[in-house]
Amino acid sequence: MPSSAPMGTLAFDEFGRPFIILKEQESKIRLSGIEAHKSHILAAKTVANTLKSSLGPKGLDKMMVSPDGEVTVTNDGATILKMMDVENQIARLMVELSKSQDDEIGDGTTGVVVLAGALMEQAEALLDKGIHPIRIADGYEMAAKVACENLDRIAESYPIDLNNLEPLIQTAMTTLGSKIINRCHRQMAEIAVNAILAVADMERKDVDFELIKVEGKVGGKLEDTMLVKGVVVDKDFSHPQMPKQVKDAKIAILTCPFEPPKPKTKHKLDVTSVEDYKKLRDYERAKFEEMVDQVKKTGCNLVICQWGFDDEANHLLLQRELPAVRWVGGPEIELVAIATGGRIVPRFSELTAEKLGYAGIVRELSFGTTRDHMLVIEECRNSRAVTIFIRGGNKMIIEEAKRALHDALCVVRNLIRDNRIVYGGGAAEISCALAVSKAANSVASLEQYAMRAFSDALETIPIALAENSGLAPIETLADLKSRQIIENNPRLGVDCLQSGTNDMKDQQVIETLIGKKQQIYLATQLVRMILKIDDIRLPGEPME
């Protein structure tokens, strides 16, 4: 005889064994058809509207507070979305979209989300007309292809001349224009360009970001930020009486500690008399002296060690005039080895003069009245390892400066890979919108409606730029569209800075072609994927 249970129904099989039938299906929420599409569109629009006000040089910042009270102020789209607590699955896809743009291009993370949100918004009107979602997605694909062909047509090649870095600096300045660090705009752009060119392999047109380290220290002002042709290590010399500067440094890079050898297995040592203790002490001292002698014999005059060493070893190093740095992390040790041309040595017995690294000067930096110190290793054998050392009034500014410089570094890297550019300020989007709208007229099938919707969605970017700059958005867009057609000039965009000209070439507002194409492709792919979903099952509240 079955009896009711709060979680389901209790029943018995033919052998009298009890089992519970759970009524989970009844408690699930299900959305299908047009309801599911409307739910997706609402989620995508909500995320896009959150970021829309952060677009452009006059875009506003967002403040996020983490559960443990840590505050982040940023207008970087990928960072905002990463820190937002998003539960809706479609909204999470938008977060992934900005992450994909950030990983691949490094810039344009806000624009790609705003574009995807606009495409979803336009799809809503088409769905209400009764057009099938797959036909809309196909139309979007056709429009994206036309837009990218138009970008190729209007793109200009940018000369990468190592004697004239101005074009690269102007591109980096465009990226930094919307960031909090734009008051030392040019200085930051020059640092980004010089850092990339220091580590770039111009033959392969590739840049190894592992060789660029970004360090920050609270204090000072943003203008004190500098590019170090070498490595900055957040450590100081192990003994306060060691010299603060070592010239012509021959560096031993060790991953073995300055300690007497110990058995690897579990062991126990009993010291039963004073003589035994003295013997042990003498043994330790002899071992320390042997280690220091092995290092000194190679001609080394600076030791960088991954592990620590005790006070006795430290004192011995001071006596033997061998400056040392301890507790240097694994990634930093590798960077020091690359920069100085040294080899990482795992055992003292393997240390030879050939394995030493070389640096022209190693000096200790001190900061204001604090006791913080850092080591700067400069004039290295391999000048391809560089460090960007950021100063700022507080931690938030330094973190935002790191994110801004990352975007600038990525843009310069993209220009070295592919030196074609388009003009920003919404000029490229307006040009593509006009090209897609024109192409739609020659499409006989239902997809022409989707193509026109794609054209309208592209116009969201210049509208958002105008709105954020305090201009009349619709009026500005209408004026720019008519002028682009009349003057046949795809460089006309929104004059966000009110400089008096709409020609983005004169304003030097430059974006990379691959970044712009990636935005269109990624947004279209995501919207296509979302439009194909017509049924959602969600766990709901438990049934009473």
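Along the sequence shown, residues carry numbers from 1. Computed from a prediction, not measured in an experiment: that's the story for all the values here.
N75 is not listed as a side-chain neighbour of T110, based on a closest heavy-atom distance of 4.5 Å or more. K235 is not listed as a side-chain neighbour of R326, based on a closest heavy-atom distance of 4.5 Å or more. The side-chain heavy atoms of E334 and E210, taken from C-beta on, include no pair separated by under 4.5 Å. The side-chain heavy atoms of K287 and E290, taken from C-beta on, include a pair separated by under 4.5 Å. For the pair V376/F389, no side-chain contact is recorded, criterion being any heavy-atom separation below 4.5 Å from C-beta on. With contacts defined as side-chain heavy-atom distances shorter than 4.5 Å, the pair L356/Y358 does not qualify.
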Can you give the donor-acceptor pairs under 3.5 Å from side chains of residues 391-399 to other protein atoms, not counting sequence neighbours?
{"unit_1": "R391", "atom_1": "NE", "unit_2": "K217", "atom_2": "O", "d": "3.1"}
{"unit_1": "R391", "atom_1": "NE", "unit_2": "G219", "atom_2": "O", "d": "3.2"}
{"unit_1": "R391", "atom_1": "NH2", "unit_2": "G219", "atom_2": "O", "d": "3.1"}
{"unit_1": "N394", "atom_1": "OD1", "unit_2": "M396", "atom_2": "N", "d": "3.2"}
{"unit_1": "N394", "atom_1": "OD1", "unit_2": "I397", "atom_2": "N", "d": "2.9"}

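Salt-bridge check for E275 with K278: failed, with every basic side-chain N at 4.0 Å or more from each acidic carboxylate O. Looking at D224 and K221, a side-chain N of the basic residue comes within less than 4.0 Å of a carboxylate O on the acidic one, giving a salt bridge. A salt bridge is absent between D506 and R491: the closest approach of a Lys/Arg side-chain nitrogen to an acidic carboxylate oxygen does not fall below 4.0 angstrom.
Other residues, nucleotides and ligands contribute at most 12 non-hydrogen atoms within 6.0 Å of the CD atom of E87. Within a 6.0 Å sphere centred on CD of E321, other residues, nucleotides and ligands contribute 12 heavy atoms or fewer. Heavy atoms from other residues, nucleotides or ligands lying under 6.0 Å from CZ of R343 number 12 at most.
By the salt bridge (Lys or Arg N to Asp or Glu O under 4.0 Å) test, R363 is found to be paired with E378, residues two or more places apart in sequence or in another chain being considered. For the side-chain contact (heavy atoms from CB on, under 4.5 Å) test, residues two or more places apart in sequence or in another chain that qualify with L335 are K213, V231. Not a single ring-ring contact (aromatic ring centres under 6.0 Å, His included) links F237 to another residue, sequence neighbours left out. Annotation: side-chain contact (heavy atoms from CB on, under 4.5 Å) contacts of D107 (sequence neighbours excluded): T175, D407, V411. The side-chain hydrogen bond (donor to acceptor under 3.5 Å, both in side chains) check on E511 picks up K516, with sequence neighbours excluded. Every salt bridge (Lys or Arg N to Asp or Glu O under 4.0 Å) that D206 has, sequence neighbours left out, goes to R204, R417. Residues passing the salt bridge (Lys or Arg N to Asp or Glu O under 4.0 Å) test with E149: none are found, sequence neighbours excluded. Residues satisfying the side-chain contact (heavy atoms from CB on, under 4.5 Å) criterion with A523, sequence neighbours excluded, are V112, L115, A116, L119. For C410, the side-chain contact (heavy atoms from CB on, under 4.5 Å) partners are F209, H406, R413, not counting sequence neighbours. Every residue two or more places apart in sequence or in another chain was checked for a salt bridge (Lys or Arg N to Asp or Glu O under 4.0 Å) with K247, and none qualifies.
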- Under the salt bridge (charged side-chain N to carboxylate O under 4.0 Å, His left out) rule, what do K99 and E96 come out as? Steps first, then yes or no, please. CA-CA 5 Å; K99 188 175 181 299; E96 290 293 318; 5.8 Å; no
Dump the intermediate steps for salt bridge (charged side-chain N to carboxylate O under 4.0 Å, His left out) on K505 and E156, then the final yes or no.
CA-CA 11 Å; K505 190 170 188 177; E156 294 180 15; 3.7 Å; yes
Next item on the list: Step by step, work out the salt bridge (charged side-chain N to carboxylate O under 4.0 Å, His left out) result for E289 and R285.
Entry: CA-CA 6 Å; E289 288 185 351; R285 186 180 292 154; 5.5 Å; no
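The two atoms that bring D236 and V325 nearest to each other are O-CG1, 3.8 Å, heavy atoms only. For the residue pair V412 and A172, the shortest heavy atom distance occurs at CG2-CB, 4.1 Å.
Screening residues 313-349 for ring-ring contact (aromatic ring centres under 6.0 Å, His included) gives F258-F348 as the qualifying pairs, with residues at least two apart or on separate chains.
I80 contributes atom CD1, which lies 4.0 Å from atom OG of S54 (distance to the nearest 0.5 angstrom).
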